[in-house]
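Here is the naming used below: chain letters follow the sequence lines, and residue numbers restart at 1 for every chain. Note that this is a predicted model, so its numbers are computed, not measured. The analysis underlying the following values was restricted to heavy atoms, covering all of them including side chains, and did not include hydrogens, waters or symmetry mates.
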Protein chains: 2
Amino acid sequence: MMLKIGELASKTDVSHHTLRFYERQGLIAPAGRSDSGYRLYSDLDVDRVGFILSAKKVGFTLLEIQQLLELEITKDDNSCGDVKCFVDKKISAVNQRMLEMKRIKKSLQALSKACCGGSVPATQCTILEALSEQKN
Amino acid sequence: MMLKIGELASKTDVSHHTLRFYERQGLIAPAGRSDSGYRLYSDLDVDRVGFILSAKKVGFTLLEIQQLLELEITKDDNSCGDVKCFVDKKISAVNQRMLEMKRIKKSLQALSKACCGGSVPATQCTILEALSEQKN
DNA sequence: CTTGACCCTAGACCATAGTCTAGGGTTTAA
DNA sequence: TTAAACCCTAGACTATGGTCTAGGGTCAAG
């Protein structure tokens with residue numbers, strides 16, 4: 001019934017290093033310990049690791065996952081609105097990042113487009129010139 | 001003519017900490033030193049910091065900026081094609097990142113959309129359920 | 001001749017998400 | 001009984017881009 005860390009590791013495909021790291025981060029804790037101090041995990045813990053992996057896959061940081069897990073645990077005291085709000089905040093953070101990346105991409109494309117790209121020496125390369133320009 | 005680090009810092013709006021950090025990273029080096037060991041910078045160094053800032057603004061990492069600066073310095077031996085290739089590689093890296101972010105955003109939006117978001121207890125919140133699901 | 005503002009080096013510290021090692025103890029199977 | 005495979009803690013190390021501190025030295029004004 002109870003799994004040792006190596007068993008949980010191979011079952012979830014998360015290294016024992018990482019499992020212990022997640023424990024230090026407060027994401028997961030063993031259900032108990034054996035007499036000799038070995039961590040013992042239950043099926044619930046397997047699910048919990050699954051939750052962590054799913055949340056990682058959709059882009060949450062470990063800190064955010066910790067907060068999500070807290071919502072999970074106290075879900076009787078939290079509304080769907082709370083959870084949705086959490087996700088929506090993340091969505092707008094992602095949107096912010098994407099706008100930033102779009103800006104960067106455009107700048108890079110402008111640089112690339114203006115450059116002849118030929119085998120002439122880069123002495124007057126428009127890219128290098130653009131980057132050297134003082135734009136206050 | 002020659003600037004001390006504090007002067008360069010205020011002229012470029014980059015802290016003296018960061019300037020020394022950039023020096024350790026090989027991005028910039030003072031033109032010389034005073035008798036007492038103070039770093040002395042020339043106008044070229046001001047331009048160089050400008051180059052670094054511009055390149056940062058378009059999304060290059062410090063390592064990439066170091067490589068760009070090398071291209072800059074040896075530009076007589078490099079072709080426009082080399083420089084353009086460098087920029088184009090960065091563009092496709094940015095594209096990769098953007099695709100990843102799009103994937104994440106879609107997942108998050110799917111989660112959010114499925115959730116009622118009401119003030120009902122989150123006991124059966126679809127978001128928490130989706131994250132708890134085992135997807136092998 | 002002292003005070004304050006500046007400069008120096010070397011190294012610690014922050015977040016993020018792990019990975020790995022050293023130096024032990026335990027369990028299992030031959 | 002001994003060797004392999006596992007487990008433990010504590011802490012170092014990776015990349016990235018800085019920020020800050022400790023503990024000094026230098027320089028200009030009053």
Side-chain angles (χ1 to χ4, degrees), chain A residues 2-41 45 48-49 51-69 90 93-94 96-97 100-101 104, chain B residues 2-41 45 48-49 51-69 90 93-94 96-97 100-101 104:
Chain A
M2 297 300 255
L3 304 171
K4 281 183 287 180
I5 198 167
E7 293 161 336
L8 181 62
S10 59
K11 199 160 193 170
T12 58
D13 225 27
V14 172
S15 79
H16 60 281
H17 292 300
T18 301
L19 287 172
R20 281 191 281 245
F21 172 69
Y22 285 169
E23 185 176 332
R24 281 204 297 281
Q25 302 303 110
L27 295 183
I28 191 173
R33 293 272 182 154
S34 76
D35 289 347
S36 48
Y38 288 14
R39 288 170 179 81
L40 296 175
Y41 297 95
D45 294 322
R48 202 171 163 96
V49 175
F51 185 99
I52 294 169
L53 292 179
S54 304
K56 265 173 63 68
K57 211 172 285 175
V58 296
F60 288 110
T61 67
L62 296 189
L63 178 61
E64 287 163 343
I65 293 170
Q66 196 197 326
Q67 293 162 354
L68 268 173
L69 281 164
K90 185 69 187 178
V94 168
Q96 276 303 105
R97 280 289 297 143
E100 175 70 4
M101 300 225 63
I104 285 168
Chain B
M2 298 297 258
L3 304 171
K4 281 184 286 181
I5 198 167
E7 292 160 337
L8 181 60
S10 59
K11 200 161 193 171
T12 59
D13 224 27
V14 171
S15 80
H16 60 284
H17 292 299
T18 300
L19 287 172
R20 282 192 280 247
F21 172 69
Y22 285 168
E23 185 176 332
R24 281 205 296 283
Q25 301 303 111
L27 296 183
I28 191 173
R33 292 272 182 155
S34 76
D35 288 347
S36 48
Y38 289 14
R39 288 170 179 80
L40 296 176
Y41 298 95
D45 294 322
R48 201 172 165 95
V49 174
F51 185 99
I52 294 170
L53 293 179
S54 303
K56 264 172 65 69
K57 211 173 283 175
V58 296
F60 288 110
T61 67
L62 296 189
L63 177 61
E64 287 163 343
I65 294 170
Q66 196 197 325
Q67 293 162 354
L68 267 173
L69 281 164
K90 185 70 186 178
V94 169
Q96 275 302 105
R97 280 290 297 144
E100 175 70 5
M101 301 224 62
I104 284 168

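- Note on residues 6-20 of chain B: no pairs pass salt bridge (charged side-chain N to carboxylate O under 4.0 Å, His left out), not counting sequence neighbours.
- Applying the side-chain hydrogen bond (donor to acceptor under 3.5 Å, both in side chains) test to A:Gln25 and every residue at least two apart in sequence or in another chain returns nothing.
- At C:dC8, one or more side-chain N or O atoms of B:Arg20 fall inside 4.0 Å of OP1 or OP2 (strictly under the cut-off).
- Atom P of nucleotide D:dT9 and atom CD of A:Glu23 are separated by 7 Å, given to the nearest angstrom.
- Atom CD1 of B:Ile5 and atom P of D:dC27 are 16 Å apart (whole Å).
- Note: CZ (B:Arg33) to C1' (D:dC27) measures 17 Å, nearest angstrom.
- Distance B:Asp13 CG to D:dT19 P: 11 Å, rounded to the nearest Å.
- Counting to the nearest Å, the P atom of D:dT16 and the CD atom of B:Glu64 are 9 Å from each other.
- Going from atom CG of B:Leu8 over to atom P of C:dC8 covers 11 Å, rounded to whole Å.
- Rounding to the nearest 0.5 Å places CZ of B:Arg39 at 4.0 Å from CZ of B:Arg33.
- A:Val94 and B:Ile104 get closest at one heavy-atom pair: CG2-CG2, 4.2 Å.
- Counting non-hydrogen atoms under 4.0 angstrom, B:Arg39 reaches the backbone sugars and phosphates but no base.
- When rounded to the nearest whole Å, the span between CD of B:Glu7 and P of D:dA28 equals 11 Å.
- For A:Gln66, there are no side-chain hydrogen bond (donor to acceptor under 3.5 Å, both in side chains) partners, not counting sequence neighbours.
- Not a single side-chain hydrogen bond (donor to acceptor under 3.5 Å, both in side chains) links B:Ser10 to another residue, sequence neighbours left out.
- Taking the side chain to side chain contact (heavy atoms under 4.5 Å, CB included) definition, one finds that B:Ala93 meets it with nothing, sequence neighbours left out.
- Take A:Arg24 and apply the salt bridge (Lys or Arg N to Asp or Glu O under 4.0 Å) test, not counting sequence neighbours, and it matches no residue.
- Taking the side-chain hydrogen bond (donor to acceptor under 3.5 Å, both in side chains) definition, one finds that A:Thr18 meets it with A:Ser15, sequence neighbours left out.
- In the helix from C:dC1-D:dG30 to C:dA30-D:dT1, the rotation axis of the first five pairs and that of the last five pairs differ in direction by 40°, rounded to 10 degrees.
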Fill in the blank from the handout: With sugar-phosphate taken as primed atoms, P, OP1 and OP2 and all else as base, the protein-contact string of nucleotides 14-30 of chain C at under 4.0 Å (heavy atoms; B, S, -) is ---BBBBB---BBS---
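- In this entry the distance linking CD of B:Gln25 with C1' of D:dT19 reads 13 Å, nearest Å.
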